[in-house]
Amino acid sequence: MLRSHTCGALRADDVGKQVTLCGWVDTYRDHGGGLFVDLRDRYGLTQVVFNPPQTPDDVISASKSLRNEFVIKAVGEVACRPQGQDNPRLSTGEIEVRVESFEVLNECETPPFTPGQQEIPGEDLRLKYRFLDLRRASTQSTLVLRSHIIKTIRDYFDKHDFIDVETPILGRSTPEGARDYLVPSRVHHDAFYALPQSPQLYKQILMVAGYDRYVQVARCFRDEDLRADRQPEFTQLDMEMSFVDGDDVIAMIDGLVAQLAKEFCGIDLPTPLPRMTYDEAMERFGHDAPDLRFGMELIDCTDLAAESEFRVFRGPAESGGRVRGINAKGAAAKFSRKRIDELTEYVKQDFGAKGLAWFRVEDDGKLWSPISKNFADILLNKFAERMEAEPGDQLFFVADTWEVSCKALSGLRRLLGEELSLYKPTDMHFSWVVEFPMFEFDEEGQRWNAMHHPFTAPRPQDLELLRTSAGACRAQAYDLVINGSEAGGGTVRIHDQEIQKQVFDLLGIDPTTAEDRFGFLLDALKFGAPPHAGIALGIDRIVMLFGGMDNIRDCIAFPKTQKATDLMTGAPGAVDRQQLKELGVRVIPLSES
RNA sequence: GGGGCCGUAGCUCAAUUGGUUAGAGUACCGGACUGUCGAUCCGGUGGUUGGGGGUUCGAGUCCCCUCGGCCUCGCCA
């Protein structure tokens with residue numbers, strides 16, 4: 001060991017000890033006669049002092065060459081700081097190390113930015129020089145948090161008799177779900193592996209194999225466009241249980257979430273966590289992962305809209321659409337016409353809404369709007385009553401198809417919730433959304449798609465609907481929602497071949513295709529598959545939410561940019577012609593593709 | 001593929017309606033200073049305003065193309 005202590009270890013108790021510290025020069029203050037260095041490692045900062053009489057003259061003059069981010073080893077005695085010169089902002093602020101000798105372990109070129117500086121550099125620079133960015137205290141504490149969260153999760157499942165089984169990274173492409181990352185096979189011309197989107201099929205196989213409680217911290221890959229909370233490779237806490245139903249899985253995760261909340265937020269979370277059906281979530285919030293840190297629920301006014309002469313409202317109301325509104329309580333003064341125009345543009349551009357209607361509630365309780373002349377007074381009063389409008393409120397309405405009204409209003413609700421500070425940044429809310437639809441209709445392909453995946457079991461009482469009305473069929477599926485983010489999702493799996501066949505049939509997967517794609521799973525189901533269910537949690541998102549971050553890149557050591565590149569390594573990059581030849585792969589020029 | 005924001009010194013930012021030699025803080029270099037902790041003080045280096053084209057007497061500023069970063073719709077569970 002080159003060091004006797006870390007830079008976060010020393011306290012007043014250690015005064016008088018001879019110590020050796022190693023670390024990076026976080027800042028230095030040259031006083032001519034002497035020099036102060038804040039020496040940094042991942043445990044903290046300790047002030048090391050190059051000053052007479054403890055520090056010999058030649059050592060002091062040598063110390064003048066120190067610069068930011070030099071790596072040094074300093075030997076000296078721990079001393080109390082002079083009276084009144086404690087630094088209460090440092091945990092080591094009562095002491096300092098008076099240097100007797102030191103060694104530069106490595107110099108540092110003038111860095112593009114320093115981890116100790118006040119301003120955080122642009123994200124592109126941080127990603128290019130990730131090794132510098134990762135030296136910053138805040139990124140280090142995030143990765144420490146991540147490590148601790150994962151340890152808590154692992155311990156929790158270990159305590160509950162789960163076993164950790166690794167599954168392959170090189171697997172087989174399944175056209176379901178997201179776009180696969182492909183890896184060409186050298187040995188087999190014209191054949192490709194796919195990186196796993198999740199270990200879904202393997203964990204079901206493990207259930208058939210009798211490993212009735214499986215868990216894995218699994219890296220997953222999806223070749224889709226990125227978002228603030230989506231990376232092309234990400235980490236799931238994947239688990240599966242046999243001889244259980246959905247409630248058992250939910251209860252198991254409830255226990256885990258309560259422990260995480262206790263340990264990392266200091267919250268005593270009552271369990272079971274609240275549950276809401278998908279249908280209720282869409283009706284009340286317009287979203288399948290509603291942010292329940294605040295209210296401002298969607299209120300249906302379709303019946304009232306149908307009574308109006310206003311075509312914009314009456315049209316959708318009479319043609320199967322919906323007219324719904326949200327009430328921004330007491331916020332009318334905060335919405336300038338310009339801001340309302342921006343919000344209108346937002347719902348139009350992002351969700352295809354035709355517009356955004358709005359009313360201000362006047363002091364006399366009457367609704368006022370540029371469009372209010374289109375409504376009889378008596379009808380306006382009904383709207384006001386339905387919306388629980390009080391003077392000073394601002395109402396927004398979207399009149400459109402059910403789908404557009406959900407998307408536009410939930411988007412608006414999320415935006416306004418943040419803008420109007422309807423919750424504290426430290427608030428945490430955990431809940432479940434359950435009973436998702438089994439299928440969603442793909443308008444383009446004019447066919448049903450699995451909402452989760454094709455092995456999701458329908459609710460027992462909905463088995464009949466598989467034949468009669470697929471759209472109404474609800475799944476034994478459940479999503480964990482934290483602060484309006486989908487933090488995880490799982491299902492009870494089909495273990496009955498007959499039901500599986502029906503589902504495939506509905507999805508338009510014929511027996512030959514099914515056999516070709518999932519034959520191994522169907523085989524396994526024939527050989528004594530126990531009832532099983534499971535879930536996968538998004539570790540990155542959970543760390544992001546627990547750490548109060550708004551961006552998934554900040555809790556991943558080496559994340560990718562929005563265009564899925566790594567600015568540090570330059571990945572993805574061109575490869576040697578010979579490599580391609582071995583793989584039997586030829587690149588089509590961009591102009592031809 | 002669509003929409004939006006951004007790109008000026010190593011870094012963080014400023015620059016009036018399109019107007020003279022593009023500034024500040026910090027970093028860096030040199031000097032001063034015996035206790036600082038965002039040290040201070042004095043001096044200095046540092047710019048293809050992301051790149052290309054255009055409009056104009058004149059472009060950091062306006063227009064077009066392009067590259068890059070971020071947010072978002074589509075996509076994705």
Side-chain angles (χ1 to χ4, degrees), chain A residues 26-38 45-53 55 60 67-69 79 81-90 92-93 96 98 109-114 116-129 132 176-180 197-198 200 220-232 234 236 288-289 342 345-353 404 407-408 411 414-415 433 436 440 444 449-453 456 477-481 485-491 535-538 541 550-551 553 560-563 565 567:
Chain A
D26 193 66
T27 52
Y28 62 95
R29 297 173 288 280
D30 186 351
H31 278 254
L35 183 85
F36 299 85
V37 167
D38 288 336
L45 289 176
T46 298
Q47 172 164 279
V48 297
V49 185
F50 301 77
N51 237 359
T55 313
I60 291 181
R67 291 296 179 271
N68 289 326
E69 299 307 306
R81 294 191 180 193
Q83 191 76 35
Q85 292 191 1
D86 292 357
N87 185 344
R89 287 184 304 174
L90 293 183
T92 60
E96 63 192 17
R98 297 191 175 150
E109 287 183 17
T110 301
F113 62 92
T114 57
Q117 77 187 36
Q118 302 292 307
E119 308 108 340
I120 296 176
E123 193 165 359
D124 44 351
L125 258 196
R126 292 174 52 206
L127 292 175
K128 179 170 180 188
Y129 298 96
L132 295 179
E176 298 295 320
R179 196 176 290 114
D180 284 322
Q197 298 179 23
S198 80
Q200 181 62 38
C220 305
F221 306 85
R222 291 176 190 163
D223 188 5
E224 298 292 347
D225 285 351
L226 285 74
R227 288 287 185 280
D229 63 352
R230 255 162 49 188
Q231 282 273 302
F234 59 101
Q236 284 189 346
D288 62 359
E342 286 168 1
E345 197 46 44
Y346 166 63
V347 295
K348 282 171 143 176
Q349 174 61 42
D350 276 15
F351 307 109
V404 170
K407 288 182 175 177
R414 184 178 47 75
L415 205 67
V433 172
F436 280 73
E440 54 191 347
E444 254 178 63
N449 279 337
M451 196 153 182
H452 199 91
H453 57 62
T456 302
Y478 31 84
D479 274 8
L480 176 67
V481 178
S485 259
E486 180 199 333
T491 63
I535 192 169
L537 306 180
R541 281 189 190 169
D550 52 11
N551 161 347
R553 293 180 299 279
K560 305 252 183 318
T561 67
Q562 210 208 15
K563 290 201 174 137
T565 65
L567 293 180

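This is a predicted model, so every value here is computed, not measured. So you know, we letter chains A, B, ... as the sequences are listed, proteins then strands, and number each from 1.
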For this session: Provide, to the nearest angstrom, the distance between the CD atom belonging to Gln562(A) and the P atom belonging to C6(B).
Result: 16 Å

Problem set entry | Below 4.0 Å: OP1/OP2 of U26(B) and any side-chain N or O of Asn68(A) | no

Exercise. Per the atom types in the model, does the base of C75(B) pair as donor or acceptor with the side chain of Arg230(A) at under 3.5 Å?
Worked result: yes

Problem set entry | Below 4.0 Å: OP1/OP2 of G35(B) and any side-chain N or O of Arg98(A) | no

Exercise. Across the strands shown, which category fits Gly488(A) at heavy-atom distances under 4.0 angstrom: base, sugar-phosphate, nothing?
Worked result: nothing

For this session: Check if the side chain of Arg227(A) and the base of G74(B) share a donor-acceptor pair of N or O atoms closer than 3.5 Å.
Result: yes

Seminar exercise, completed: In this structure, CZ of Arg98(A) is separated from OG1 of Thr55(A) (nearest 0.5 Å) by 9.0 Å

For this session: Using only heavy-atom distances, decide whether a donor-acceptor pair under 3.5 angstrom links the side-chain of Asp124(A) to the base of G68(B).
Result: no

Problem set entry | Check: U36(B) base within 3.5 Å donor-acceptor of Gln47(A) side chain | yes

For this session: Specify the separation, in whole Å, of atom CG of Asn51(A) and atom C1' of C37(B).
Result: 13 Å

Exercise. Can Phe36(A) be said to stack with the base of U36(B), given centres closer than 5.5 angstrom and planes under 30 degrees apart?
Worked result: yes

Exercise. Whole Å only: how far is the CG atom of Leu125(A) from the P atom of A9(B)?
Worked result: 11 Å

Problem set entry | Residues Arg230(A), Asp225(A): salt bridge by 4.0 Å N-O rule | no

For this session: Could you tell me whether the phosphate oxygens of C29(B), OP1 or OP2, come under 4.0 Å of any side-chain nitrogen or oxygen in Thr110(A)?
Result: no

Seminar exercise, completed: Whole-Å distance, Glu109(A) CD to A27(B) P, equals 19 Å

Exercise. Lys128(A) NZ to G69(B) P: how many Å, rounded?
Worked result: 12 Å

For this session: Report yes or no: is the ring centroid of His31(A) under 5.5 Å from the six-membered base ring centroid of G35(B), with the two planes under 30 degrees?
Result: no

Exercise. Would you say C73(B) has OP1 or OP2 under 4.0 Å from some side-chain N or O of Lys407(A)?
Worked result: no

Problem set entry | Tyr28(A) side-chain N/O to C28(B) phosphate OP1/OP2 under 4.0 Å | yes

Exercise. What nucleic acid atoms does Leu567(A) come within less than 4.0 Å of, heavy atoms only: base, sugar-phosphate, or nothing?
Worked result: sugar-phosphate

For this session: Report yes if a side-chain nitrogen or oxygen of Arg29(A) is closer than 4.0 Å to either non-bridging phosphate oxygen (OP1 or OP2) of U36(B); otherwise report no.
Result: no

For this session: Would you kindly give the CG-to-C1' distance between Asp229(A) and U72(B), to the nearest whole Å?
Result: 11 Å

Problem set entry | Heavy-atom donor-acceptor pair, Arg81(A) side-chain to C37(B) base, under 3.5 Å | yes

Seminar exercise, completed: Gln197(A) CD to C75(B) C1', in whole Å, measures 13 Å

Exercise. Hey, does Arg67(A) reach any base, or is it just sugar-phosphate, or nothing, if we go heavy atoms under 4.0 Å?
Worked result: sugar-phosphate

Exercise. Rounding to a whole Å, what distance do you find between Asp225(A):CG and G2(B):C1'?
Worked result: 12 Å

